[in-house]
S.K.: 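Please read through the structure below; I'll follow up with questions.
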2 protein chains.
Amino acid sequence: MHAEVVQQKASLESIQSACSCSAGPAYKLFQGVGTRKEAETAEDWQSADLLIKWSVHTIPARRTICHPKEWSEFVTVICQGWAVSSITLSDGRRQILSFLLPGDFVSAASLVEPISDRSVEAVTEVTYRKFKRSDFKALLVEFPDLTERLSTIWLDERAQADQLALDLGRRTADERIARLILNLMERLAMRGMVNVQTMEFPLRQRHIADATGLTPVHVSKVLGEFQRADLIEINNRSLIIKNEKELRRTADWR
Amino acid sequence: MHAEVVQQKASLESIQSACSCSAGPAYKLFQGVGTRKEAETAEDWQSADLLIKWSVHTIPARRTICHPKEWSEFVTVICQGWAVSSITLSDGRRQILSFLLPGDFVSAASLVEPISDRSVEAVTEVTYRKFKRSDFKALLVEFPDLTERLSTIWLDERAQADQLALDLGRRTADERIARLILNLMERLAMRGMVNVQTMEFPLRQRHIADATGLTPVHVSKVLGEFQRADLIEINNRSLIIKNEKELRRTADWR
DNA sequence: CGGATAGTTGAGTTATCTCAAATGCAGTGG
DNA sequence: CCACTGCATTTGAGATAACTCAACTATCCG
């Protein structure tokens, strides 16, 4: 309804650039793929086999992108804005599994099979693209390199999941929140979205709470302490890291 | 050192039976694979391409199977006994990511790339088999079906990881422990290792604590309550579920 | 300007932790 | 076979991190 939809056919190269962010998994997945065919002419790139259809959508903040039980035939890539992927219990308790930034797949797993039980929701206004999974799989057959890369991305996601469990099971509130901030900063930095320790920070405290397994009230208190201790400063939906060293210490980083 | 090693060559069929447990992922991975070749003769199964080497190892309880930084070229399958896969912080805090039962791969991810940072440790005496990853990958090329199945197993593991995060972030101690028990019972039942609600239960309370993000002391208290409430009974390293319905309720199961 | 959503702060509560002591139990060496 | 050492479990008492509730303020958006 609120989605503006554009349908296009595209070459591999343009798929890549469609993936927005040169540091995101989506871009990396396609980067340099096709080198196996470099002896052949550029026209090959334009052959029908390499064409893929996508659609572009834009939705306002707080809207749902995928519903938990949706069994979609599409693969989604975030192109602009922040989103969040979570599971919710029937009584409303919610756990955020990851924040999605430009260039992220909603989940690498979704490239191969529809994901279930997770819901994805826009934090800011979000622009995303959708590919048909079957088109994508055809590419996988065409370019075996892709499979190799896919598994790398997948592995990465799993390492993230392991760290999440460790954080939730074994770290204090201060550590969890500090690491969340550092983690986001690192990911944004790779995308060139950090400027002298300053980044956009559209998250509500409720998002931080659901990501760290805490309460919004408690998040507020911890962020308050962090600010009073001059570790960070939050203003106008942007966050400045004022004392990275100390923040890392409280995060028990490395 | 304590490992008794046997090297063998094996056909696909025998790989499968080597994977011990007809309900484990390892067995399922190979089940029915090769149907694409059913028009051909049985000799094909014995062709050199299908041979793979494995070694069998047995280690006593509490010994380490893989060290965190080990970058092994092998894929490991648990054949007998219980093991545990975990990450540990430098200060000793530890999070168990999964319990490994007969027929489980140490991690599906390890089939494609060496895993890092996780350590695997025997709970009971454990027998496991090791394949060379490169041999395994050769099979993947030979049998495209395998890739499809592999991704199913992988997806499963990810769903498990999501649930773990939800449990650790958003559930109470009682819920976490009850679910752990039910979860193990379900997995053991698939393997035919449960008899009238009774199962082997070699876990120390320390394992339960590290899996649920709690303290051994608190685990003891909760298990005590469960027993006093006649939900379960623990004796001689075996566990009986005496009131499954109520246990499920406290687990908030389904 | 008004209504909704988000954040702050304080007071009191609770789940879980820490510490510590007592008991049990299993394997070891004399 | 026993005493001994080391691990596992139980139990209680007290401490604390994080939660709930509630009131107040700030911010955003139409």
Side-chain angles (χ1 to χ4, degrees), chain A residues 2 60-63 82 84 91-95 121-125 167-178 180 200-229 232-239 250 252, chain B residues 2 60-63 82 84 89 91-95 121-125 167-178 180 201-229 232-239 250 252:
Chain A
H2 290 264
R62 314 169 86 274
R63 201 67 47 98
W82 294 37
V84 109
D91 63 6
R93 286 178 289 180
R94 181 170 87 142
Q95 179 64 48
E121 194 182 302
V123 173
T124 60
E125 177 178 277
D167 286 353
L168 295 173
R170 290 306 190 191
R171 305 185 107 113
T172 65
D174 288 14
E175 286 175 304
R176 295 184 214 173
I177 293 177
L180 176 59
E200 293 293 310
F201 198 76
L203 300 183
R204 312 274 124 179
Q205 294 185 354
R206 150 144 281 277
H207 293 123
I208 301 178
D210 285 339
T212 53
L214 301 167
T215 287
V217 176
H218 199 240
V219 170
S220 169
K221 284 170 185 170
V222 173
L223 287 178
E225 276 165 30
F226 283 5
Q227 297 192 72
R228 261 169 265 123
I232 60 171
E233 190 185 320
I234 301 181
N235 258 324
N236 287 332
R237 308 280 143 211
S238 87
L239 187 154
T250 94
D252 189 26
Chain B
H2 289 263
R62 313 168 89 276
R63 202 66 47 98
W82 295 38
V84 108
L89 253 26
D91 63 6
R93 286 178 288 180
R94 180 170 88 141
Q95 179 64 48
E121 194 182 300
V123 173
T124 62
E125 178 178 275
D167 287 353
L168 294 173
R170 290 305 189 195
R171 292 186 190 274
T172 65
D174 288 12
E175 287 175 304
R176 294 183 214 174
I177 293 177
L180 176 60
F201 198 76
L203 301 182
R204 313 272 121 181
Q205 294 185 354
R206 148 145 281 278
H207 293 124
I208 302 179
D210 285 339
T212 52
L214 302 167
T215 286
V217 176
H218 199 242
V219 170
S220 169
K221 284 170 184 169
V222 173
L223 287 179
E225 277 165 29
F226 282 6
Q227 298 193 69
R228 261 169 266 123
I232 60 171
E233 190 185 321
I234 301 181
N235 259 322
N236 286 334
R237 307 280 143 212
S238 87
L239 187 153
T250 96
D252 189 24

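When reading the values below, keep in mind they use all heavy atoms of this one structure, side chains included, and skip hydrogens, waters and symmetry mates.
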S.K.: Please report the distance, rounded to the nearest Å, between CZ in B:R206 and P in D:dG6.
M.R.: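 Going from CZ in B:R206 over to P in D:dG6 covers 18 Å.
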S.K.: Write down the distance between CZ (A:R204) and P (C:dA4), rounded to a whole number of angstrom.
M.R.: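 Rounding to the nearest Å, CZ of A:R204 and P of C:dA4 are 17 Å apart.
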S.K.: Using a 4.0 Å heavy-atom cut-off, does A:R228 contact any base of the nucleic acid, only the sugar-phosphate backbone, or nothing at all?
M.R.: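 The residue A:R228 makes sugar-phosphate contact but no base contact.
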S.K.: Look only at the side chain of A:T172 and the backbone of A:E175, and say whether a donor-acceptor pair between them is shorter than 3.5 Å.
M.R.: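 At least one qualifying donor-acceptor pair exists.
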S.K.: Name the pairs: protein N/O against N/O of nucleotides 16-18 of chain C, kept only if under 3.5 Å.
M.R.:
from, atom 1, to, atom 2, distance (Å)
C:dT16, OP1, B:A173, N, 3.0
C:dC17, OP2, B:T215, N, 3.3
C:dC17, O5', B:T215, OG1, 3.4

S.K.: Is a donor on one side and an acceptor on the other found under 3.5 Å between the side chain of A:R206 and the backbone of A:P216?
M.R.: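 Checked: no pair found.
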S.K.: Mark yes when over 12 heavy atoms from residues, nucleotides or ligands other than A:E200 sit less than 6.0 Å from its CD; otherwise mark no.
M.R.: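 Result for CD/A:E200: open.
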S.K.: For the pair made of CG in B:N236 and C1' in C:dG24, what is the distance, rounded to whole Å?
M.R.: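 In whole Å, C:dG24 C1' lies 13 Å from B:N236 CG.
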S.K.: Tell me if a side-chain donor or acceptor on B:R63 pairs with a main-chain N or O of B:A122 at a distance below 3.5 Å.
M.R.: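 A pair under 3.5 Å: no.
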S.K.: Rounded to the Å, how far apart are B:I177 CD1 and C:dA15 P?
M.R.: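 So the two atoms are 14 Å apart, to the nearest Å.
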S.K.: For C:dT5, take OP1 and OP2 only and decide whether either is under 4.0 Å from a side-chain N or O of A:Q205.
M.R.: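 Answer no for this pair, as no side-chain N or O of A:Q205 is under 4.0 Å from OP1 or OP2.
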S.K.: Go through the steps to decide whether B:D252 and B:R170 satisfy the test salt bridge (Lys or Arg N to Asp or Glu O under 4.0 Å), and finish with yes or no.
M.R.: CA-CA 12 Å; B:D252 189 24; B:R170 290 305 189 195; over 6 Å; no
S.K.: Quick check against the 3.5 Å criterion: does B:Q95 have a side-chain atom that pairs as donor or acceptor with the backbone of B:A211?
M.R.: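 The answer is yes, because a donor-acceptor pair under 3.5 Å joins these two groups.
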S.K.: Quick check: are there more than 12 heavy atoms from other residues, nucleotides or ligands sitting under 6.0 Å from CG of A:N236?
M.R.: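 No, because the 6.0 Å sphere around CG of A:N236 holds 12 heavy atoms or fewer from other groups.
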S.K.: Starting from C1' on C:dG24, measure out to CZ on B:R237 and report it in whole angstrom.
M.R.: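 The answer, rounded to whole Å, is 11 Å.
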S.K.: Whether B:S220 contacts D:dT9 is assessed here as follows: a side-chain N or O lying under 4.0 Å from the phosphate OP1 or OP2. Is that the case?
M.R.: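 So the side chain of B:S220 is outside the cut-off, no N or O lying under 4.0 Å from OP1 or OP2 of D:dT9.
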S.K.: Distance check needed: D:dA18 C1' versus A:L223 CG, whole Å only.
M.R.: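 Spelled out: CG on A:L223 to C1' on D:dA18 is 15 Å.
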S.K.: Could you tell me the separation between the CD atom of A:E225 and the P atom of D:dA17, rounded to a whole number of Å?
M.R.: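 Taking atom P of D:dA17 as the reference, CD of A:E225 is at 10 Å.
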S.K.: Within the structure, does a side-chain N or O atom of A:R62 lie under 4.0 Å from either OP1 or OP2 of D:dC29?
M.R.: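 Answer no for this pair, as no side-chain N or O of A:R62 is under 4.0 Å from OP1 or OP2.
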S.K.: Please state how far atom CG in A:L239 lies from atom P in C:dG7, giving the value in whole angstrom units.
M.R.: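 Taking atom P of C:dG7 as the reference, CG of A:L239 is at 13 Å.
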